[in-house]
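Structure record follows, encoded as structure tokens.
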Amino acid sequence: MGEKRSKVVVLGTGGTIAGWAPDPSKGREYQAGELSASDLVQGLETDQDHIVTEEVARIDSKNMDWPVWLRLVARLQHWLEQDDVQGVVVTHGTDTLEETAILLHTLFRDTKTVVITGAMRAANVAEPDGPRNLRHALSLAGSPGSAGVVCVFAGEVHAAAGLTKIDCQALHAFTSQDPVPVVWAVDNLGALRKRFSQPSTAVVNVSAEALAQVKTWPWVELVHHHAGQDGRLVQTMVNSTTAPDGWVVAGTGNGTMSQGLEDALATAQARGAHVWRTTRCARGQVQALSGDRFQTVIGLNPFQARVVLTLALVAPQIKPTVLGKPEI
Ligand code: SIN
């Protein structure tokens with residue numbers, strides 16, 4: 001068995017982990033996505049003997065879009081189906097990493113381990129964090145058993161659902177509901193499996209094949225509630241000739257919003273759009289209340305909910321299913 005699943009695959013998409021600074025002393029002035037996946041593993045000290053690398057894209061993840069996502073999904077599916085592959089690592093820019101993570105979680109949550117990682121410092125500046133993150137990611141992806149889709153970053157393992165970039169400078173850039181220290185985890189995977197479980201979250205069932213057939217992507221917008229938010233923006237869009245197919249509202253606190261915003265979104269809903277309610281708070285779950293006019297979504301931040309609602313609109317079911325905590 002150990003012999004059989006001997007490979008770990010690294011799929012590169014770009015980001016700061018593959019970034020290069022023309023002048024390494026000016027660490028902030030770099031170009032993301034300059035290095036290939038094979039450049040990243042070259043010379044890396046790792047416990048994996050058989051690493052295969054492949055280039056999906058070399059982009060700054062602020063430019064992530066459906067064409068790149070579909071290429072990534074197709075290549076990931078291909079590699080996960082190979083008998084000799086233990087797991088896959090995806091290298092990615094940190095800016096939209098949580099959105100890609102939830103896309104992959106929606107499609108591949110029940111297959112082999114998929115680890116997504118990145119870095120906050122370009123590859124050629126002082127003390128880059130990419131090599132350590134990648135080493136940990138390879139180690140987890142190459143271990144027996146499946147952890148589902150996870151992010152390994154700055155010495156921690158995070159579930160895809162709820163993963164959020166919370167710092168635009170620090171190496172410790174991500175948080176989630178229940179991060180597990182990775183140094184401990186890779187040393188003791190049995191204990192990791194006992195302690196780490198994917199959280200309960202809103203999921204929809206959609207296949208990679210179904211996505212590949214999509215000709216026009218549903219338009220799903222995100223609207224934040226805030227002081228003075230009166231719903232005018234939503235109302236204007238709802239009244240225009242091309243209105244969004246879906247809305248995710250990042251409400252205040254327990255997903256609350258002004259009467260004006262609620263009425264505007266209710267109008268959108270009455271005209272056929274789907275509305276999901278989340279919170280702009282970094283932690284905690286939105287609780288459904290009697291009299292709710294919109295679907296409550298748990299376990300996803302608003303940006304992730306936008307991705308999942310887009311998927312739900314191309315899937316047979318629109319209402320998300322809430323999963324329990326599976327054993328891994
Ligand atoms: C990106 O998201 O591609 C650039 C920023 C980063 O990777 O930290």
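All ligand and atom numbering here is 1-based and tracks the order in the structure.
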Protein contact of atom 4 (C) of ligand 1 - nearest heavy atom, named by residue and atom, plus distance = Thr16 OG1, 3.5 Å
Would you say the side chain of Val125 lies within less than 4.5 Å of the side chain of Tyr30, judging by non-hydrogen atoms?
-> no
Besides Ile166, the hydrophobic cluster formed by Ile, Leu, Val, Met, Phe, Trp and Tyr side chains linked at under 4.5 Å, directly or via other members, contains none
Polar proximity ligand 1 side, Thr96 side, N/O cut 3.5 Å exclusive = no
Distance to 0.1 Å, residue and atom name: give those for the protein heavy atom nearest to atom 3 (O) of ligand 1.
-> Ser61 N, 2.6 Å
Using a strict 4.0 Å threshold on nitrogen-to-oxygen distance, state whether Arg293 and Glu262 make a salt bridge.
-> yes
Within less than 4.0 angstrom of ligand 1, does Gly33 place any heavy atom?
-> no
Could Arg75 and Glu54 be called an ion pair, given the rule that one side-chain N must be under 4.0 Å from one carboxylate O?
-> yes
Report the part of Ala173 (side chain from C-beta onward, or backbone N, CA, C, O) that has a heavy atom under 4.0 Å from ligand 1; answer both or neither where that applies.
-> neither
the protein heavy atom lying closest to atom 8 (O) of ligand 1 turns out to be Thr94 OG1, 2.5 Å
Specify the closest pair of heavy atoms between Val206 and Thr106, including all atoms of both residues, with the distance to one decimal.
-> CG1-CG2, 4.0 Å
In chain order, what residues pass the ring pair (Phe, Tyr, Trp, His ring centres under 6.0 Å) check against Phe294, with sequence neighbours excluded?
-> none
Asp95 N/O under 3.5 Å from ligand 1 N/O | yes
